[in-house]
Amino acid sequence: MENGKIDITLPDGSVRSFDKALSGQDLAMDIGPGLAKAALALRIDGEMKDLKTLLDRDTAVEIVTIREDGDEVLELLRHDAAHVLAEAAKELYPETQVTIGPSIENGFYYDFAREKPFTPDDLEKIEKRMHEIVDRDEQIVREEWARDAAVDYFKSIGEHYKAEIIASIPADQPIGIYRQGEFQDLCRGPHLPSTKKLGHAFKLMKLAGAYWRGDSRNEMLQRIYGTAWRNEKELKAYLHRLEEAERRDHRKLGREMDLFHLQEEAVGMVFWHEKGWTLYRTLENYLRHKLEVADYKEVKTPQLVDRKLWEASGHWEKFRDAMYTTESDERTFALKPMNCPCHVQIFNQGITSYRDLPLRMAEFGSCHRYEPSGALHGIMRVRGFTQDDAHIFCTEDQITSETEIFCALLLDVYKDFGFTDVKVKFSDRPEVRAGEDETWDKSEGSLREAIDATGLSYSMNPGEGAFYGPKLEFVLTDAIGRDWQCGTLQVDFVLPERLNANYIGEDGAKHRPVMLHRAIFGSMERFIGILIEEYAGRFPLWLAPEQVVVATITDEADDYAREVLAALKAKGLRASLDLRNEKINYKVREHSLAKVPALLVAGKREAEEKTISVRRLGEKHQKVLDLGEAIDQLVEEAKVPGL
RNA sequence: GCCGCCGUAGCUCAGGGGUAGAGCACUCCCUUGGUAAGGGAGAGGCCGACAGUUCGAAUCUGUCCGGCGGCACCA
């Protein structure tokens with residue numbers, strides 16, 4: 001800044017000098033009118049700022065345009081879309097109060113407070129008004145207000161939620177107010193220079209309820225969700241993705257593929273049909289084998305257990321409302337919502353030596369929980385489910401190595417299903433919890449040490465741990481982009497204490513073991529739901545409930561087709577026969593729609609030559625192979641991983 | 001649980017104060033056809049449940065049940 005000059009360094013390394021301070025807009029114009037037109041914001045020292053920011057010192061500046069890839073531009077657009085949404089809603093329905101409206105993955109939302117609910121018709125009107133506001137090309141101007149003045153202002157115009165938000169901001173922080181047209185909103189920014197820059201590639205998607213400040217004790221607001229993109233093409237691509245995702249919805253495929261159903265008489269409980277149950281058993285046996293190799297001991301514990309045990313474990317106090325109970329012999333029993341207390345009962349039989357640790361006790365444990373009705377979702381969130389549960393009883397010293405061993409096993413299993421990018425979350429102590437703070441310090445510390453030892457990257461999930469200990473969550477994503485916790489690992493110093501679990505140490509004295517609660521699939525039901533969506537119903541051969549259909553072209557091949565079926569079954573393949581009096585086109589179409597991985601077609605020629613025409617799902621053409629060769633190939637491909 | 005929307009044949013959906021319709025699937029008949037729908041006929045519904053309004057309710061109103069989308073919850 002010599003001689004009052006301001007040097008601006010551009011991303012290409014070139015430097016422009018100016019006599020006096022200038023706005024980012026001026027800078028863009030100075031470089032070229034095309035750039036000025038495309039400019040949306042600035043990146044000053046790597047941080048996004050308004051395009052109108054005054055540049056009054058030497059600095060490195062990057063001009064952000066609509067053509068820039070990456071999420072930052074999208075976040076900017078979406079955040080503005082939320083403001084335009086709020087402006088439109090206020091214009092059309094002035095009695096509405098605005099609250100917050102952030103950008104989110106794929107879009108944005110805005111929460112409104114209003115007596116009368118918005119209707120789908122209102123959505124259309126609001127969207128139309130949003131387009132008008134964009135066309136008005138309203139300048140978006142940032143101002144900074146004193147906090148108390150801002151609170152008074154918003155109170156005076158009846159925006160009590162806004163006033164409350166501002167009042168909760170620390171007094172020494174500046175209050176940024178963005179004005180566009182008649183609409184003013186509290187906001188940190190940055191924003192576009194004008195509403196026109198938002199463009200028209202946005203769409204309002206859905207109406208929903210949402211609690212004020214995310215707390216169910218508060219009143220419910222009305223949330224409007226929308227999506228926004230750089231251009232029409234991206235918007236269309238997104239809408240198309242949504243349609244594709246709907247096609248692989250496990251609820252739809254579950255019905256179409258005759259895997260399972262749900263009905264009113266057993267809400268949240270799955271009726272497994274033959275094909276779905278075959279899939280279920282295949283998975284269970286696969287995992288059972290993995291567990292055997294990993295030195296787990298499988299057990300089975302009772303469904304109905306006296307409430308005394310749940311009181312002792314602490315579950316009764318915390319989850320009583322979500323437990324199914326029944327009275328008998330003047331005692332109260334609960335359908336088990338978890339397996340851990342039962343596993344401790346097995347552990348407590350006899351005397352355990354430190355030589356027995358780590359003891360890995362596994363169960364495909366059938367559990368029931370009275371989940372809130374609004375939480376139910378297909379077979380992903382149900383009231384009756386089976387956990388691939390296990391508890392590792394070990395010493396404190398063994399936590400790290402057991403965590404490493406478990407994470408390796410989990411990733412190995414996930415890899416067999418093609419899940420390679422797994423989100424890991426670390427959830428620490430919740431507000432309501434059992435155990436002393438010192439115990440939590442210890443358990444969180446040891447889990448952190450253990451996860452660090454695995455080298456996996458993870459994100460923090462504060463306050464989301466189980467009531468007895470911190471946990472790792474292994475999260476998979478469904479077709480519609482929703483995250484589901486599947487695997488978990490939880491460190492527990494509390495239950496062994498409460499249920500008096502002991503082992504005899506090297507010193508001959510009693511010691512408390514640590515329990516590691518862990519699951520890989522999480523629940524069989526949820527994992528199967530995820531798999532259906534992941535594969536869009538087109539399972540790999542080893543998982544497919546119906547692996548092969550033998551279909552005939554004429555009834556002259558019926559006897560041969562029966563021989564083929566027998567040969568397939570003798571090799572352990574799941575196969576069936578289609579001898580119907582239908583054209584081969586019809587049969588191909590039907591079995592393709594049913595997503596049968598392999599169709600073996602037999603006509604007169606094949607019968608005479610002892611060959612078979614192999615048509616694989618997803619391929620346009622078929623291959624004629626020697627029967628033995630065809631079967632060998634299928635058998636090889638149908639091998640269960642790890643077996 | 002809370003907010004909004006929805007509930008008609010096995011599935012997808014149309015209709016809408018005067019006793020219910022399509023396509024696919026299903027059953028039967030004809031067709032023996034070489035790799036994604038051959039032709040014909042037939043059967044199938046207490047219009048989610050209960051109450052109310054009405055001469056009359058699948059249709060209007062209310063309550064409940066269930067589903068869907070969010071929110072909250074998730075040992």
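Side-chain atoms are counted along with the backbone in the values below, which use heavy atoms only and exclude waters and symmetry mates. The chains referred to below are lettered A, B, ... by the order of the sequence lines, with proteins before strands, and numbering in each begins at 1.
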For Gln222(A) and Asp111(A), does a side-chain donor sit closer than 3.5 Å to a side-chain acceptor? no

Lys/Arg N to Asp/Glu carboxylate O, Glu402(A) vs Arg360(A), below 4.0 Å: yes

For Ala210(A), report the nucleic acid contact type (base, sugar-phosphate, nothing); a contact means any heavy atom under 4.0 Å. sugar-phosphate

Any Arg482(A) side-chain N or O less than 4.0 Å from OP1/OP2 of C68(B): no

Partner nucleotide, any strand, of A20(B) [Watson-Crick/G-U, under 3.5 Å]: none

Does G1(B) have a Watson-Crick or wobble mate here (both distances under 3.5 Å), and if so which one? C71(B)

Of the listed nucleotides (G33(B), C3(B), G69(B)), which one gets closest to any side-chain atom of Lys583(A)? G33(B)

The nucleotide from U35(B), C74(B), C73(B) with an atom nearest the side chain of Phe319(A) is C74(B)

Look at the side-chain N and O atoms of Arg255(A) and state whether any lies under 4.0 Å from the OP1 or OP2 oxygen of U12(B). yes

Scanning all shown strands, the Watson-Crick or wobble mate of U53(B) with both distances under 3.5 Å is none

Have a look at Tyr468(A) and tell me which of Lys318(A), Gln490(A), Arg498(A), Arg433(A) forms a side-chain hydrogen bond (donor to acceptor under 3.5 Å, both in side chains) with it. Gln490(A)

From the set C74(B), G69(B), A36(B), return the single nucleotide nearest to any side-chain atom of Arg369(A). C74(B)

Just to be sure I understand the rule, does Leu593(A) reach a base, reach only the sugar-phosphate, or reach nothing, if contact means heavy atoms closer than 4.0 Å? base

Any residue of residues 596-604 of chain A with a heavy atom less than 4.0 Å from an atom of RNA chain B: Val601(A), Gly603(A), Lys604(A)

Tyr586(A) side chain: which of A25(B), G34(B), G70(B) is closest? A25(B)

Can you tell me if Glu363(A) and Thr301(A) form a side-chain donor-acceptor pair at under 3.5 Å? yes

Residue closer to the 5' end of RNA chain B, Ala466(A) versus Gly268(A) (nearest nucleotide): Gly268(A)

Electrostatic pair Arg580(A)-Asp578(A), nearest N-O below 4.0 angstrom: yes

Look at Asn585(A) and U35(B) and indicate whether a side-chain polar atom (N or O) is within less than 4.0 Å of OP1 or OP2. no

For the residue pair Asp483(A) and Thr477(A), confirm or rule out a side-chain donor-acceptor distance under 3.5 Å. yes

Could you work out which one of G70(B), G66(B), C5(B) sits closest to the side chain of Val267(A)? G66(B)

Counting only side-chain heavy atoms from C-beta out, which of G66(B), G4(B), C71(B) sits nearest to Pro117(A)? G4(B)

